[in-house]
Amino acid sequence: MTRPTDFTLRGALDALAAREISAEELARAHLDAIEALNPRLNAYVAVTGERALERARASDARRARGEAGPLEGVPLGIKDLFCTEGVRTTAGSRILGDFVPPYESTVTANLLRDGAVFLGKTNLDEFAMGSSNTTSAAGPVENPWNRRNDPDTRLVPGGSSGGSAAAVAARLALGATATDTGGSIRQPAAFCGIAGMKPTYGRCSRWGVVAFASSLDQAGPMARTVEDCATLLRSMSGFDPKDSTSADMPVPDFAAACGRSVKGLRIGVPCEYRLDGMPAEIEALWQQGLEWLREAGAETVEISLPHAKYALPTYYIVAPAEASSNLARYDGVRYGLRVEERDGDLQDLYERTRAAGFGAEVKRRIMIGTYVLSAGYYDAYYLKAQKVRALIKRDFDEVFAASGAKVDAIVTPATPSAAFGMDEKQDDPVAMYLNDVFTVTANLAGLPGLSVPAGLDTQGLPLGLQVIGRAFDEETVFAVGAALERAAAFEALPAVMAGKTARAAG
Ligand code: GLN
C-alpha cells in the first residue's frame, strides 16, 4: 500500500474520495513525517499540528456531508511570507518579531475555501531574498538530496522558497505555496527535484503576501508533479479587488491542460541561454528535453532574445529599488520588533530597530535600492533598468507574437547548476545572484514559467528544465511541462527518503 505521504496530490484526492483514507489520517501521517525529519531539514519554521488536525476533521465532516471542495483534505505547507490569520508570520526575518496577522492572505484564503489543510509555515530566505535559503533568521534549510560521492556535504535547497521545496521533496507535504520574484519557485524546485510554477504576473493576488519587489512578486505552487501544481494553481488564482494588479481573467482548468498534446506546437530555443561555462550535462539535458518534445510531435525553433543578457543586472537594480521602498515600513513603530531609542530620539529608534532586525543580505539590498533611486543616480541606474526591462519584454512579445506565429512556448534549463553546498558561494553575492540567470527574464516580462524535474547530474542531483509561455497562457506551459515530465519519468528519491547517507543512517 502507498504510504500516505507518498501520494501525489491527485492520488490523495482520489484516495480521500474513495474513503481509503481520511483527511485526519493524511494530516497525521504528514505531521509524523515532519516530526521525524524536520529537525534535520528545518523546512518548517512553525508546525500548526493541532490546527491541522482540527481542520482535517472538519474536512472529513464536509466530505461526509457531500460538500467536498476541490482540495478537500489536502495537507499543504505555506511559505512563511503569506500572512495567515492567527498564525505567526515572520518572512524569515527578525524584524517582524512576534507579528501575528489578524487576516489571511487571499491566496491562502482561496486554498482554505477549497478544503486544504495547512500543516505549518515553511522556511525561506529573509524577505524572499536569496537563492540558497541560508539567510533565514530561523536558520538554513537542508536539501533532502545529497551528492552520490560526497554524502556528507549538506546542500542548499535553493531559495528563497527552500523550505517549501524541501518539505515537498521530503514528503513533508503534498504541495506547498511559494513566491517567485526572480526565480524563488523555479530554482528551489529544480534543486529539490520537484515541479514549481510561477504564474503570469497578476494571476494570483499579492494581497497579504509580505512584499519584496511588487512589480515582480508572484505567488505560485510547488508539488511533486506538474498536474499537482496545476490543481493547486487553479485554487490559488483569481481576481481580487484588494490587489490592484490582480487580473480579472477567467481561471481555466489548468490540470486538464496537462493532458493536452504538444503535437504541432512550436517550441523556442533561445540562443542567448547557451552560457559560457555552463556544465555540459545541463546543455545535454536541455537537448534531451527538446528531443523529447520533438518525439511528442512538437517542432523546435532557434530563437533570439537579444536583451536577455541584461536581465540579471536589470533585475538586481529593479528588485532592490522596490525592496528598499517596501521595507521602509519596518521602523519599530507599528508592529514587529522594536529596539528602544536613546534620549527619545525617533531616528535612533528606527536605526536600532532596523540594525537589529534585518540580516546582511536584506541590508545590502536596501543600500543598493536606495542608491539606485537616489537623486543623481536615478537616471543612470533605475530609469535605465526600467528601459532595458521594456526591451526584455519586447523580445518576448516578438517571439510570442500571434502574427508570424513564431513560438508557443520556450524551453530552457531552469538553473545553471545543480544544488551547491551550504558553505559554497556564501561570501560571493554575485556568484549567488547568477543562480537566477535563466529565471529572472520571466519575472521582468511578467510571463509564466514552470520548472520540471528532468534528470540527474553525474552526482545524482536533480536538474530541471524551464518552460516559459505567453502571458495568461499557463495552459500551454502546463501541457509542455507535462510532456517533458512524461518523457523524463523522473522517479529518483532524495537521499533522505532512501536513508542512504551516512548521516541519515547515523
Ligand atoms: N534569488 C533571487 C533574489 O535573491 C530571487 C528571489 C525570489 O524570487 N524571491 O532576489
Side-chain angles (χ1 to χ4, degrees), residues 7-19 21-27 30 48 51-79 82-87 103-122 164 167-168 173-179 185 195-197 199 203-209 218-243 246-247 249-258 474-475 478:
F7 278 123
T8 59
L9 195 150
R10 161 69 25 217
L13 281 169
D14 291 345
L16 285 161
R19 306 289 202 274
I21 192 164
S22 68
E24 187 177 355
E25 286 165 331
L26 199 55
H30 282 90
T48 49
R51 212 176 242 261
L53 291 173
E54 210 174 286
R55 287 218 169 117
R57 284 190 285 269
S59 167
D60 285 327
R62 278 193 300 273
R63 190 177 288 281
R65 290 196 302 269
E67 294 166 7
L71 291 177
E72 199 59 67
V74 168
L76 301 177
I78 302 299
K79 184 177 184 179
F82 291 81
C83 288
T84 39
E85 187 179 353
V87 177
Y103 53 84
E104 190 74 36
S105 83
T106 298
V107 161
T108 48
N110 290 347
L111 291 168
L112 292 172
R113 171 204 65 204
D114 284 357
V117 172
F118 298 164
L119 298 164
K121 306 296 292 280
T122 57
S164 290
V168 171
L174 292 181
T177 65
T179 61
I185 292 178
M197 171 63 145
R203 181 63 94 181
C204 290
S205 169
R206 289 182 298 107
W207 193 80
V209 182
Q218 249 310 281
M222 285 178 153
R224 292 193 290 271
T225 71
V226 171
E227 186 194 343
D228 288 354
C229 283
T231 302
L232 285 172
L233 182 61
R234 190 179 191 188
S235 289
M236 293 167 72
S237 300
F239 176 61
D240 179 7
K242 289 187 287 206
D243 171 4
S246 158
M249 304 271 290
V251 178
D253 182 350
F254 297 122
C258 296
E474 284 88 354
E475 289 167 282
F478 279 125

Side-chain heavy-atom pair Cys229, Leu9 within 4.5 angstrom cut-off:
no
Steps toward side chain to side chain contact (heavy atoms under 4.5 Å, CB included) verdict (His30, Leu174):
CA-CA 9 Å; His30 282 90; Leu174 292 181; 3.7 Å; yes
Rounded distance [0.5 Å steps], CZ in Arg55 versus CG in Leu53
12.0 Å
Taking every non-hydrogen atom, the tightest pair across Tyr103 and Gly208
CE1-CA, 4.1 Å
Do Lys79 and Thr179 get their side chains close enough for a donor-acceptor pair, meaning under 3.5 Å?
yes
Closest approach of Ala178 to Phe82 (non-hydrogen atoms, all atoms of both residues):
O-CZ, 3.5 Å
Does Arg57 reach the main-chain N or O of Glu24 with its side chain, forming a donor-acceptor pair under 3.5 Å?
no
Shortest non-hydrogen contact between Ser22 and Asp60, atoms and distance:
CB-OD2, 3.5 Å
Tell me whether Ser164 contacts the main-chain N or O of Thr177 through its side chain, where contact means a donor paired with an acceptor under 3.5 Å.
yes
Minimum heavy-atom distance between Leu16 and Ala23, given as atom pair plus value
CD2-N, 3.4 Å
Within the 4.5 Å heavy-atom criterion, are Met197 and Met222 side-chain neighbours or not?
no
One should read off an interatomic distance between Ile78 CD1 and Cys83 SG, to the nearest 0.5 angstrom, of 12.0 Å
Pairwise distance OG(Ser105) to CD(Glu85) - rounded to 0.5 angstrom
11.0 Å
Distance-only check: which donor-acceptor pairs under 3.5 Å involve side-chain atoms of residues 67-74, not counting sequence neighbours?
from	atom 1	to	atom 2	distance (Å)
Glu67	OE1	Arg65	NE	3.2
Glu67	OE1	Arg65	NH2	3.1
Glu67	OE2	Arg65	NE	3.4
Glu72	OE1	Arg62	NE	3.3
Glu72	OE1	Gly69	N	2.9
Glu72	OE2	Ser59	OG	2.6
Glu72	OE2	Arg62	NE	3.2
Glu72	OE2	Arg62	NH2	2.9

Which atom of Ala176 lies closest to which atom of Leu232, heavy atoms considered
N-CD1, 4.2 Å
Is a donor from one side chain sitting under 3.5 angstrom from an acceptor on the other, for Lys242 and Thr106?
no
Ignoring hydrogens, what is the shortest heavy-atom contact between Ile185 and Gln218? Give both atom names and the distance.
CD1-O, 4.3 Å
As a quick check of understanding, evaluate side chain to side chain contact (heavy atoms under 4.5 Å, CB included) for Arg51 and Phe118, giving each step before the final call.
CA-CA 8 Å; Arg51 212 176 242 261; Phe118 298 164; over 6 Å; no
Could you tell me whether a side-chain N or O of Ser237 sits under 3.5 Å from a main-chain N or O of Leu233, the two making a donor and an acceptor?
yes
Please check if the side chain of Lys121 supplies one atom and the backbone of Thr48 the other of a donor-acceptor pair under 3.5 Å.
no
Quick one: do Val107 and Met236 satisfy side chain to side chain contact (heavy atoms under 4.5 Å, CB included)? Show the steps, please.
CA-CA 5 Å; Val107 161; Met236 293 167 72; 3.7 Å; yes
Between the side chain of Asp228 and the main-chain N/O of Arg10, is any donor-acceptor distance below 3.5 Å?
yes
